[in-house]
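Reading through the structure tokens given below for one structure.
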2 protein chains.
Amino acid sequence: MSTIRQTLTADDWAEAALDALAEDGVRAVAVEPLARRLGVTKGSFYWHFASRRMLLQAALALWERRETDEVLARAAEETDPRKRLARLFREADGSRRAGRLYLALANATDSPLITEVVRRVMAHRLAFLRECYAAMGADAETAAARAAMAYSMFLGMLQLRRDAPEAIPEGERFHEYMHLVGEALIPGYERALVRR
Amino acid sequence: MSTIRQTLTADDWAEAALDALAEDGVRAVAVEPLARRLGVTKGSFYWHFASRRMLLQAALALWERRETDEVLARAAEETDPRKRLARLFREADGSRRAGRLYLALANATDSPLITEVVRRVMAHRLAFLRECYAAMGADAETAAARAAMAYSMFLGMLQLRRDAPEAIPEGERFHEYMHLVGEALIPGYERALVRR
DNA sequence: ATTACTCCATACGCTAGCGTATGGCAACCG
DNA sequence: CGGTTGCCATACGCTAGCGTATGGAGTAAT
């Protein structure tokens with residue numbers, strides 16, 4: 001049987017906050033709606049947290065740790081920088097929830113609490129991308145530029161998938177699409193990665 | 001002297017709504033805050049509009065018309081599809097306000113009113129991009145794929161410029177950056193557009 | 001069995017924003 | 001000069017959400 005607990009924990013609330021965040025944005029991370037969602041009242045919430053702000057902080061901490069770990073895990077699995085990038089982009093299509101979470105957080109331009117964390121995660125990812133391009137022999141400036149391009153494409157894909165999923169090819173054609181993306185963003189992509 | 005009017009018009013309210021939208025997102029499009037901003041009370045607002053919803057509708061109509069006109073204007077000025085695309089991307093760096101407006105609207109995933117308009121504008125732009133690529137000799141599928149890529153890059157640049165402007169090269173280096181973008185997204189870019 | 005501690009429910013006050021009702025003032029109109 | 005109309009202020013009720021205060025049921029310990 002699954003973990004049915006009679007009593008909630010702070011992490012349960014944080015997790016529910018992330019769920020609400022991914023589905024309906026920051027405005028949905030509200031005490032009373034979350035309480036209804038969890039089948040309790042806010043009396044429960046204010047036992048576990050001092051304020052809504054603290055809940056956000058906890059949820060953000062969870063999110064940042066996971067995003068960071070995820071990148072490190074991806075980095076460890078693949079040594080060839082070109083394959084790293086290719087894999088990274090394929091996985092961008094992965095978790096719908098992760099994408100929506102990122103978009104929801106990145107677009108909370110109020111709330112300095114959130115923008116700070118987003119900023120760190122973004123810097124982390126950009127650095128990772130820069131290292132990939134540097135490992136392919138690019139000088140620092142070119143690596144930074146290509147990293148910005150690649151990350152832009154990544155962000156745009158998230159948004160396009162959310163707002164106009166029909167614009168991105170499905171299933172069979174998706175691989176051809178990612179092939180085009182690889183050619184555009186990874187110098188020497190065809191020469192290095194396509195088996196012939 | 002500039003147009004100092006003693007009495008506001010519905011368009012003044014709609015314009016103020018777009019300003020608030022660009023600066024602080026959809027949540028800032030609120031009757032009473034806008035009234036304070038305009039130096040009046042909401043008594044004025046409810047004379048010009050029946051509800052907040054109607055204000056949003058008016059502001060969206062303004063926005064959509066301008067975005068559409070803008071694209072048409074760009075399309076008329078340049079016939080070579082490659083140069084069209086290059087110009088389009090250079091201008092993506094143009095109006096900060098336009099970019100923030102788009103992001104604010106695109107991220108209002110609630111409010112069907114907004115998502116509908118955003119959807120139309122997006123479809124319009126994607127069609128424009130597809131035509132550019134088709135005019136360069138791409139078959140329908142490839143044109144659609146490249147259009148999606150180009151639009152993704154565009155969206156990503158908007159977001160990156162908002163959230164991490166330091167990641168995008170400034171001034172002198174910006175042109176080299178856009179050159180890289182052109183190479184990545186416009187087949188035959190170097191051959192066709194670079195003077196030597 | 002009494003005590004203490006954990007987790008939650010209930011009830012309350014407070015704020016911001018939406019929408020309504022009504023009054024007022026100035027300009028124009030007859 | 002009196003009336004009408006256009007534009008706005010003021011005052012009110014209503015809702016959703018934040019935070020607080022307090023009570024209460026269950027459990028564990030002594």
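Sequence lines set the chain letters: A, B, ... in the order given, protein chains first and strands last, and positions in each chain run from 1.
- Legend: residues meeting side-chain hydrogen bond (donor to acceptor under 3.5 Å, both in side chains) with B:Arg37, ordered by chain and number and at least two apart, are B:Glu23.
- Residue pairs meeting the ring-ring contact (aromatic ring centres under 6.0 Å, His included) criterion with at least one partner in residues 15-46 of chain B, sequence neighbours excluded, are B:Trp13-B:Phe45, B:Phe45-B:Phe49.
- Taking the side chain as every heavy atom from C-beta outward, A:Leu101 and A:Leu21 approach each other to under 4.5 Å.
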When every nucleotide of nucleotides 23-29 of chain D is labelled 5' to 3' by its protein contacts under 4.0 Å (heavy atoms), B for base, S for sugar-phosphate only, - for none, what sequence of letters results?
-> -------

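- Taking the side chain as every heavy atom from C-beta outward, B:Met149 and B:Met153 never approach each other to under 4.5 Å.
- Listed by residue number, there are no residues of residues 18-28 of chain A with a heavy-atom contact under 4.0 Å to DNA chain D.
- Looking at heavy atoms from C-beta onward, A:Met122 lies in side-chain contact with A:Tyr102 at the 4.5 angstrom threshold.
- When side chains are defined from C-beta on, B:His124 does not count as touching B:Glu67, because their heavy atoms never get closer than 4.5 Å.
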With side chain to side chain contact (heavy atoms under 4.5 Å, CB included) as the test, would you mind laying out the steps for A:Leu158 and A:Arg162 before giving the verdict?
-> CA-CA 6 Å; A:Leu158 285 187; A:Arg162 184 194 65 185; over 6 Å; no

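- Shown for residues 29-39 of chain B: residues whose heavy atoms fall under 4.0 angstrom of DNA chain C, namely B:Ala30, B:Val31, B:Glu32, B:Pro33, B:Arg36.
- Straight-line distance from the CH2 atom of B:Trp13 to the C1' atom of D:dG6: 16 Å, rounded to whole Å.
- At whole-Å resolution of the value, NZ in A:Lys42 and C1' in C:dC7 are 17 Å apart.
- Residues A:Leu185 and A:Leu85 have side chains not in contact (no heavy-atom distance under 4.5 Å, counting atoms from C-beta outward).
- Whole-Å rounding puts the B:Asp110 CG to D:dA16 P distance at 16 Å.
- Along DNA chain C, the nucleotide nearest to B:Arg53 and the one nearest to A:Thr41 differ in position, and the one closer to the 5' end is contacted by A:Thr41.
- Inter-residue side-chain proximity for B:Leu160 and B:Met157 is flagged as unmet; no heavy-atom pair is nearer than 4.5 Å.
- Sorted by residue number, the members of residues 43-52 of chain A with any non-hydrogen atom under 4.0 Å from DNA chain D read A:Tyr46, A:Ser51, A:Arg52.
- Shown here is A:Arg173, whose CZ atom has no more than 12 heavy atoms of other residues, nucleotides or ligands within 6.0 Å.
- With hydrophobic clusters built from ILVMFWY side chains whose heavy atoms lie under 4.5 angstrom apart, A:Val121 shares a cluster with A:Leu113.
- Heavy-atom neighbours of B:Arg53 CZ from other residues, nucleotides or ligands within 6.0 Å: at or below the threshold of 12.
- One hydrophobic cluster, built from ILVMFWY side chains closer than 4.5 Å, cannot hold both B:Leu72 and B:Leu62; they sit in different ones.
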